[in-house]
Amino acid sequence: IGFNNGWLMHTGELPGYNSVVAYLPEEKGIFVCLVNSDIPIKIKNKEVSPVNLIFESIAKIAFPKYTPE
């Protein structure tokens with residue numbers, strides 16, 4: 001379990017899949033995402049897993065004070 005700007009979270013990867021489960025105790029927010037792709041997305045010469053990109057994008061909208069870094 002990791003800690004990222006207030007979020008307690010865990011990510012996982014199997015061939016063909018990515019997952020993230022995150023909990024934000026301050027706001028009682030829960031986020032669960034499963035993606036059936038493990039192909040990284042290249043953004044600004046940096047590879048990002050699809051599930052992390054989805055999580056960061058939604059968290060930024062739902063909880064802007066606690067945007068993951």
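Heads up: numbering here begins at 1 and tracks the sequence.
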*Is the side chain of Asn5 donor-acceptor paired with the backbone N or O of Thr67 at a distance under 3.5 Å, no angle test?*
yes
*If you link ILVMFWY side chains whenever their heavy atoms are less than 4.5 Å apart, which other residues fall into the same cluster as Val51? By chain and number, please.*
Trp7, Met9, Val20, Leu24, Phe31, Val35, Ile54, Phe55, Ile58, Phe63, Tyr66
_Within this structure, what is the CG-CD1 distance for the pair Leu53 and Ile41, rounded to the nearest 0.5 Å?_
5.0 Å
*asked:* Does atom CD1 (Ile43) have a neighbourhood of more than 12 heavy atoms from anything else shown, all under 6.0 Å?
replied: yes
*asked:* Ignoring hydrogens, what is the shortest heavy-atom contact between Ser19 and Leu34? Give both atom names and the distance.
replied: CB-CD2, 3.3 Å
*asked:* Looking at every non-hydrogen atom in both residues, tell me the closest pair between Gly16 and Asp38 and how far apart they are.
replied: N-OD2, 3.0 Å
_Set of residues satisfying side chain to side chain contact (heavy atoms under 4.5 Å, CB included) with respect to Tyr17, sequence neighbours excluded_ = Asn36
*asked:* Other residues, nucleotides and ligands only: do more than 12 of their heavy atoms fall within 6.0 Å of CD1 on Ile39?
replied: no
*Applying side-chain contact (heavy atoms from CB on, under 4.5 Å), run through Thr11 and Asn52 and close with a yes or a no.*
CA-CA 8 Å; Thr11 60; Asn52 285 344; 3.7 Å; yes
_Non-hydrogen atoms of Pro50 and Ser37 that approach each other most closely_ = CG-O, 3.8 Å
*Find out if a path of hydrophobic residues (ILVMFWY) with successive side-chain heavy-atom gaps under 4.5 Å connects Leu14 to Val48.*
no
*How long is the span from the CD atom in Glu13 to the OG atom in Ser49, to the nearest 0.5 Å?*
7.0 Å
_Atom of Gly6, atom of Pro25 and distance for their closest heavy-atom approach_ = O-CD, 3.4 Å
